[in-house]
2 protein chains.
Amino acid sequence: MARIVTIRTVAERAGCSIATVSRVINRSAPTSADVDARVRAAVAELGFRPSEIGRALKTLRTRTLGVVIPSLTNPVFAASVAGMQSAARERQHTLLLTATDYDPAAESELVETLVAQNVAGLILTVADAAENATLDLLDAEGIPYVLVHNEPTRPGRAAVCVDNAAATFALTQTMIAAGHRRIAYLAGRFATSDRARRRHEGYRAAMEAAGLEPEAPLELDYLGDAPSHAEALAGLFRAPEPPTAALCSNDLLALSVVGALRTLGLRVPDDVSVAGFDGIALGGAVHPTLATVDTPTRLMGEHAVAMLFTMIEAGAPPRVERLPFTLRPGGTLAPEAPVPRV
Amino acid sequence: MARIVTIRTVAERAGCSIATVSRVINRSAPTSADVDARVRAAVAELGFRPSEIGRALKTLRTRTLGVVIPSLTNPVFAASVAGMQSAARERQHTLLLTATDYDPAAESELVETLVAQNVAGLILTVADAAENATLDLLDAEGIPYVLVHNEPTRPGRAAVCVDNAAATFALTQTMIAAGHRRIAYLAGRFATSDRARRRHEGYRAAMEAAGLEPEAPLELDYLGDAPSHAEALAGLFRAPEPPTAALCSNDLLALSVVGALRTLGLRVPDDVSVAGFDGIALGGAVHPTLATVDTPTRLMGEHAVAMLFTMIEAGAPPRVERLPFTLRPGGTLAPEAPVPRV
DNA sequence: CTGTTAGCGCTTTCAT
DNA sequence: ATGAAAGCGCTAACAG
């Protein structure tokens, strides 16, 4: 199966030593035009590709980046992995991809698996970047890594993210400016997303800055289907003074909430406005379009790889790169109709 | 950096030879309870994880599966990769993920990269499974691989897919039963998707079986945005006798087409019915919901891994596994209103 | 400019 | 039941 043609086969065919073959292939030392041509011919004839394994064992360095994300099913992570893949390919690297399925306990196991493969570095989105034994381990072993989406609170951790609190602050302000006063905050599970928590802080700050009462966050599982969300939302939206708007901690949840509200007989945005967070492509394909915070998800993946390489190759210190976000208007966010103000 | 603790470190600590450490770790030969305990203690204390590289070099076999897909941005592929990842993890394997970005020329390069990494096997979705030099190469080298989504025409190629033609045949019949007579077929680029071609065959067969005139397929790039699609569709739908329904070769395209039709001032489904293919989750989240062929995308990824393992470990011959599909009704598909029939 | 050789971490005979 | 030693494919000293 696998490889039968090794560097030795090539050396024999070219009539030189394996060291010379290596030199020609990697241009790691000058070689004569003569032997150079013979080696290249032999390589071509035999269809030789040097084994990454052999190289890795010698150099203790692979051309592989380990990736740990919660799930590929969320387009946000799919997009950032797409960015990583593209950036990694530009640098002749490949991605070793793993997913936790939102199980924080899986993180350490997956990281160990990846470390055992001698990945050159890691890119990960974890449940909680603050309290994380796995990251401590990587720090201790000096293995370079970059967080994506996570916005680390403690210094010394490299990350590519957006300013989550500032973004929800701005989004909440927009909703308030549209006349909304009772704005619900619906979140994915806080336990598996420090993003959801940071985003809630921005919401609360904006509410308080406007002299409004922040609602207690309602935690939903956005992997759940719309019917289950309808149940969870029924109490909130059938109360005497229901919210006129809902800020959701991510787009997938927001889309599901729109469906759930319809199930409850509420119109979006006429009865309830909805906004999300992330800016997934499909938010623009639905009708009405989803109002959201547009984050450069794919770019975040690309930048994470770029940053990881500066750490690996130039020994750059960890830093946090906050990419710009924009508010994306959408049909799901309307002026609060019944009692219009300012 | 990487690993400082090797099998030798463990052997010293446990006071035995490295061979014994290996035996204990892999249970590859009986060991005394005494040394067994010492080795395990040493492993735990030192935090030792055997290097996959060292193991791979010796055995010429990694615990890694190579994956080649067109793009992670399409939820269909993201879902099948999610299935692969989960199935691979169950078997202590990881995925080496690459994407072609719909460039068929990239396929061979990526496969070579993966083969150079000594992957245990490959799972791929290619532009065209029939004419494919890369697959011929894998066949020649005897490297096990399984296609996903592709429905190979030539025997001898392992694949997990659905019966694309049968599915669009059934879907087209449903549209015809709803009274539609002029049904357009909108496709992603045929050149990069043998699926789109197979699906068109089913459409044409159903139209002809009903004595209707199949429309020439209109090729669209579903990575294009809705405005560009609106232009492309304007001619077709502003003709004197426009189609009353559009069958799209995939869901992402269908969602985009729904948006484009709206841009043209056409209502869905009142003026034009739309159906897709794939069954991506978000088709159920939009309003109206997308009528489509529901394919078990994630399951296809899982089955592909399972099949690959039977080939790797049991030397099972390549076979084609066709998974069941279902027609998913949706709000985008309505009875043809103006002239209702049967 | 080129060849020889050691050795990366591990598994696996072959002895004992 | 355990150890010694070879060797997987490659790179990098070191010689020449």
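Order of the sequence lines sets the chain letters (A, B, ...), proteins ahead of strands, with each chain counted from 1.
Between Ile25(A) atom CD1 and dG9(D) atom P the separation is 14 Å, expressed in whole Å. Straight-line distance from the NZ atom of Lys58(A) to the P atom of dG7(D): 18 Å, rounded to whole Å. Put simply, CZ on Arg61(A) is 24 Å from P on dG7(C), counting in whole angstrom units. One atom, CD1 of Ile53(A), and another, P of dG7(C), lie 22 Å apart when rounded to the nearest Å. Atom C1' of nucleotide dA6(C) and atom CG of Leu57(A) are separated by 13 Å, given to the nearest angstrom. One interatomic measurement links the two molecules: CZ of Arg55(A) to P of dG9(C), which rounds to 18 Å at whole-angstrom precision. Here dT11(D) presents its C1' atom at 13 Å from CD of Glu52(A), a figure rounded to the nearest Å. Atom pair Arg49(B):CZ and dC10(C):P shows a separation of 12 Å (rounding to whole Å applied).
Taking a cutoff of 4.0 Å between a charged side-chain nitrogen and a carboxylate oxygen, Glu12(B) and Arg8(B) do not qualify as a salt bridge.
Contacts of Glu131(A) classified as salt bridge (Lys or Arg N to Asp or Glu O under 4.0 Å), with partners at least two apart in sequence or in another chain: none.
Of the listed nucleotides (dC10(D), dC10(C), dC8(D)), dC10(C) has the atom at the smallest distance from the side chain of Ile7(B). Each of dC8(D), dC10(D), dC10(C) was ranked by its minimum atom distance to the side chain of Ser51(B); first place goes to dC10(C). When each of dG7(D), dG9(D), dC8(C) is scored by its nearest atom to the side-chain atoms of Thr6(A), the top-ranked nucleotide is dG9(D). Counting only heavy atoms from C-beta on, Arg8(A) has its side chain closest to dG9(D) among dC10(C), dG9(D), dT11(D).
For Asp36(A) (side chain) and Thr31(A) (main-chain N/O), no donor-acceptor pair under 3.5 Å exists by modelled atom type. Looking at Glu302(A), its side chain never comes within 3.5 Å of a backbone N or O of Ser86(A) through a donor-acceptor pair. Of the possible donor and acceptor atoms, one in the side chain of Thr62(B) sits under 3.5 Å from a partner among the backbone N and O of Asn118(B). The backbone N or O of Asn132(B) sits nowhere less than 3.5 Å from a side-chain atom of Thr134(B) that would complete a donor-acceptor pair.
At a threshold of 4.5 Å between non-hydrogen side-chain atoms, the residues Thr113(A) and Arg89(B) do not count as touching.
Across residues 28-42 of chain A, not one residue has a non-hydrogen atom less than 4.0 Å from an atom of DNA chain D. For the segment residues 10-22 of chain A, the set of residues with a heavy atom within less than 4.0 Å of an atom of DNA chain C comprises Cys16(A), Ser17(A), Ala19(A), Thr20(A), in numerical order.
For residues 303-316 of chain B, the pairs satisfying side-chain hydrogen bond (donor to acceptor under 3.5 Å, both in side chains) are His303(B)-Glu321(B), with sequence neighbours left out.
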What does the list of N/O pairs under 3.5 Å between the protein and nucleotides 14-16 of chain C look like, with a distance for each?
none

Begin with the C-alpha distance, continue with both residues' side-chain angles, and end with the deciding distance and a verdict on side-chain hydrogen bond (donor to acceptor under 3.5 Å, both in side chains) for Arg55(B) and Asn26(B). CA-CA 11 Å; Arg55(B) 192 197 307 258; Asn26(B) 302 308; 3.1 Å; yes
Please report the C-alpha distance between Thr9(A) and Phe48(A) in whole Å, then the side-chain angles of each, then the deciding distance to 0.1 Å, and finally whether the side-chain contact (heavy atoms from CB on, under 4.5 Å) criterion is met. CA-CA 9 Å; Thr9(A) 330; Phe48(A) 172 71; over 6 Å; no
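With axes fitted over five pairs at each extremity, the angle between the ends of the helix from dC1(C)-dG16(D) to dT16(C)-dA1(D) is 40° (10° resolution).
Nearest approach of Val162(B) to Leu323(B), heavy atoms of both residues: CG1-O, 3.5 Å. Taking each heavy atom of Val146(B) and Met307(B) in turn, the nearest pair found is CG1-SD, 4.0 Å. Residues Val81(A) and Leu97(B) approach most closely at CG1-CD2, 4.1 Å, considering heavy atoms.
Side-chain contact, Thr94(A) with Gln117(B): a donor N or O sits under 3.5 Å from an acceptor N or O.
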